Amino acid sequence: MPLTFDTTGFEHLDGTRWFDPNTRDVVVLSMQQALPRSPVWLYEIDVLRRELARTHAARVLPGPSPGISPVPTATLLEADAVLLGGSMALYTLVAEKLPKSPTGRLFRASFVLAKADRTAVLTGQFEEWQVSGIRESLVHINRGGPSKKDGGHPYDPQLPYEPSDDPAWDAQFPHHPLTKARAWVRTVRESAVVHREFAALPGLRAR
């Protein structure tokens, strides 16, 4: 495998997957032949952020009835070019609506290390699987009213954004899956070791 990282709190399921026995949290490490399609990749991170934010916002479910607007199913919360074990990687954090749940969401944090002919992807999935919507409700009350979800995204002001997803609220919700996702990201960034053979491969050239 292309890298190792701290798996404290997770049990080894098989060669590429780990899970938290107390929750539905899962970590997956995969190697893919597919390469990123973005023409800018990490060389223009601001452009890539906006591109990714719009791509995720375009993932929608049909409206529940005629005349009702489609419902977005995913929101890009964070994206950055980071060093992971000395190698450049794309880090993303995405919130996804859970099917058949009015408020439940899954938070997917990923690191993508792209080489000229292969891509390594490390992903942690943290799900609201018990009570959901509490963080959003309490933040809205704290802010004095319901959130304005029709705009305000940090990468594109025209896109919807949930104010309670801001990291400033993490300390008040230490057990929320979004807080746990960000904590996992910090652990990976501090502990990851990219194997020498993978690190030595030619890097991806943006097309």
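What you see is a predicted model, and the numbers here were worked out from it, not measured in a lab. We count residues from 1, following the sequence as given.
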Trainee: Answer yes or no: is there a donor N or O on one side and an acceptor on the other, between the side chain of His56 and the main chain of Val94, under 3.5 Å?
Mentor: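 Checked: no pair found.
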Trainee: What distance do Leu93 atom CG and Asp80 atom CG have between them, rounded to the nearest 0.5 Å?
Mentor: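 The distance works out to 12.0 Å.
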Trainee: Is it true that Phe10 and Leu178 fall in one hydrophobic cluster, defined by side-chain heavy atoms closer than 4.5 Å?
Mentor: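 Same cluster.
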Trainee: Does the ring centre of Phe107 sit less than 6.0 Å away from the ring centre of His176?
Mentor: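 Yes.
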Trainee: Show your working on side chain to side chain contact (heavy atoms under 4.5 Å, CB included) between Thr7 and Val27 and close with a plain yes or no.
Mentor: CA-CA 9 Å; Thr7 58; Val27 172; over 6 Å; no
Trainee: What is the minimum heavy-atom distance between Ala114 and Trp41, and which atoms define it?
Mentor: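 Shortest heavy-atom separation between Ala114 and Trp41 comes out as CB-CZ2, 3.9 Å.
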Trainee: Flag the pair Leu204 / Pro36 as yes when at least one side-chain heavy-atom distance between them is below 4.5 Å, and no otherwise.
Mentor: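 They are in side-chain contact.
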Trainee: Using a strict 4.0 Å threshold on nitrogen-to-oxygen distance, state whether Asp156 and Arg49 make a salt bridge.
Mentor: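 A salt bridge is absent here (no side-chain N lies under 4.0 Å from a carboxylate O).
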Trainee: First locate atom OH of Tyr155, then atom CG of Leu48, and finally report the distance between them rounded to the nearest 0.5 Å.
Mentor: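 So the OH of Tyr155 and the CG of Leu48 are separated by 10.0 Å.
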Trainee: Looking only at heavy atoms, which two atoms of Phe173 and Trp169 are closest? And how far apart?
Mentor: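 Heavy atoms only, the tightest pair is CD1-O, 3.2 Å.
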Trainee: Show your working on side chain to side chain contact (heavy atoms under 4.5 Å, CB included) between Arg189 and Tyr91 and close with a plain yes or no.
Mentor: CA-CA 10 Å; Arg189 293 191 62 182; Tyr91 155 66; 5.8 Å; no
Trainee: Would you find a donor on one side and an acceptor on the other, under 3.5 Å apart, between the side chain of Thr92 and the backbone of Ala79?
Mentor: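 Not confirmed, Thr92 side chain does not pair with Ala79 backbone.
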Trainee: Would you say Leu29 and Trp18 make side-chain contact, with heavy atoms under 4.5 Å?
Mentor: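 Yes - at least one pair of side-chain heavy atoms lies under 4.5 Å apart.
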Trainee: When hydrophobic residues are tied together by side-chain contacts of less than 4.5 Å, even through go-betweens, does Val82 share a cluster with Phe5?
Mentor: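 Yes, it is one cluster - the side chains of Val82 and Phe5 are joined through contacts under 4.5 Å.
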Trainee: Say you draw a straight line from NZ of Lys97 to OG of Ser132; how long is it, rounded to the nearest 0.5 Å?
Mentor: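 The distance works out to 9.0 Å.
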Trainee: Under 4.5 Å between any side-chain heavy atoms of Val139 and Asp166, yes or no?
Mentor: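 Val139 vs Asp166: side chains apart.
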Trainee: Are side-chain heavy atoms of Thr23 and Lys180 found at a separation under 4.5 Å?
Mentor: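 When only atoms from C-beta onward are counted, Lys180 and Thr23 do touch, with a gap below 4.5 Å.
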Trainee: Please assess Val193 against Leu3 for the test side chain to side chain contact (heavy atoms under 4.5 Å, CB included), listing each intermediate value before the final yes or no.
Mentor: CA-CA 5 Å; Val193 175; Leu3 62 91; over 6 Å; no
Trainee: What closest approach, in Å, do Thr123 and Arg108 show between heavy atoms, and which atom pair accounts for it?
Mentor: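 Nearest pair, atom of Thr123 first, then Arg108: CG2-CG, 3.4 Å.
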Trainee: Is it the case that the side chain of Thr75 and the backbone of Leu77 share a donor-acceptor pair, with hydrogens and angles ignored and the cut-off at 3.5 Å?
Mentor: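 No, Thr75 side chain to Leu77 backbone: no donor-acceptor pair under 3.5 Å.
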Trainee: What's the separation between atom CG in Leu201 and atom OG in Ser87, rounded to the nearest 0.5 Å?
Mentor: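 So the gap between those two atoms works out to 9.5 Å.
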Trainee: Work out which heavy atom in Ala34 is nearest to a heavy atom in Thr119; give both atom names and the distance.
Mentor: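 Looks like O-OG1, 2.8 Å.
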Trainee: Indicate whether any N or O donor in one side chain lies under 3.5 Å from an N or O acceptor in the other, for Thr179 and Arg135.
Mentor: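 Present: a donor and an acceptor within the cut-off.
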Trainee: Are Asp165 and Arg105 ion-paired here, with the side-chain N under 4.0 Å from a carboxylate O?
Mentor: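 Salt bridge between Asp165 and Arg105, a charged N being under 4.0 Å from a carboxylate O: yes.
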Trainee: What is the ring orientation for Trp184 with Phe126, classed by angle as parallel under 30°, tilted 30 to 60°, or perpendicular over 60°?
Mentor: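 Ring orientation, 0 to 90° scale: tilted.
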Trainee: Does Val121 belong to the same Ile/Leu/Val/Met/Phe/Trp/Tyr cluster as Leu83, with side-chain heavy atoms less than 4.5 Å apart forming each link?
Mentor: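 Yes, Val121 connects to Leu83 through the hydrophobic network.
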Trainee: In the structure I gave you, are the side-chain heavy atoms of Ile45 and Leu90 within less than 4.5 Å of one another anywhere?
Mentor: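 Heavy-atom side-chain distance check passes, below 4.5 Å.
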Trainee: Within this structure, what is the CZ-CG distance for the pair Phe198 and Leu113, rounded to the nearest 0.5 Å?
Mentor: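 Rounded to the nearest 0.5 Å, the CZ-CG separation comes out at 5.5 Å.
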Trainee: List the atom of His153, the atom of Pro160, and the distance in Å for their closest heavy-atom pair.
Mentor: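 Looks like CD2-O, 3.6 Å.
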Trainee: Identify the two heavy atoms, one from Val185 and one from Ala109, that lie closest to each other, and give their separation to 0.1 Å.
Mentor: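 Residues Val185 and Ala109, closest heavy atoms: CG2-CB, 3.6 Å.
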Trainee: Hydrophobic cluster membership, with links at side-chain heavy-atom distances under 4.5 Å among I/L/V/M/F/W/Y: are Met31 and Val188 in one?
Mentor: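 Yes; Val188 is reachable from Met31 via cluster members.
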Trainee: State the OG-CG distance between Ser164 and Asp170, to the nearest 0.5 angstrom.
Mentor: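 Output value for this atom pair is 10.0 Å.
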Trainee: Could you state whether Met1 and Leu84 fall into the same hydrophobic cluster, counting links through intermediate Ile, Leu, Val, Met, Phe, Trp or Tyr residues with side-chain heavy atoms under 4.5 angstrom apart?
Mentor: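 Same cluster: Met1 reaches Leu84 through Ile, Leu, Val, Met, Phe, Trp or Tyr contacts under 4.5 Å.
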Trainee: Among Gln125, Glu128, Glu127, find the one that has a side-chain hydrogen bond (donor to acceptor under 3.5 Å, both in side chains) with Arg24.
Mentor: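 Testing Arg24 for a side-chain hydrogen bond (donor to acceptor under 3.5 Å, both in side chains) against Gln125, Glu128, Glu127 leaves exactly one candidate, Glu127.
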Trainee: Just by distance, no angles: are the side chains of His140 and Glu162 close enough, under 3.5 Å, to form a donor-acceptor pair?
Mentor: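 There is such a pair between these side chains.
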Trainee: Between Arg182 and Pro167, is there a side-chain heavy-atom distance shorter than 4.5 Å?
Mentor: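 In contact.
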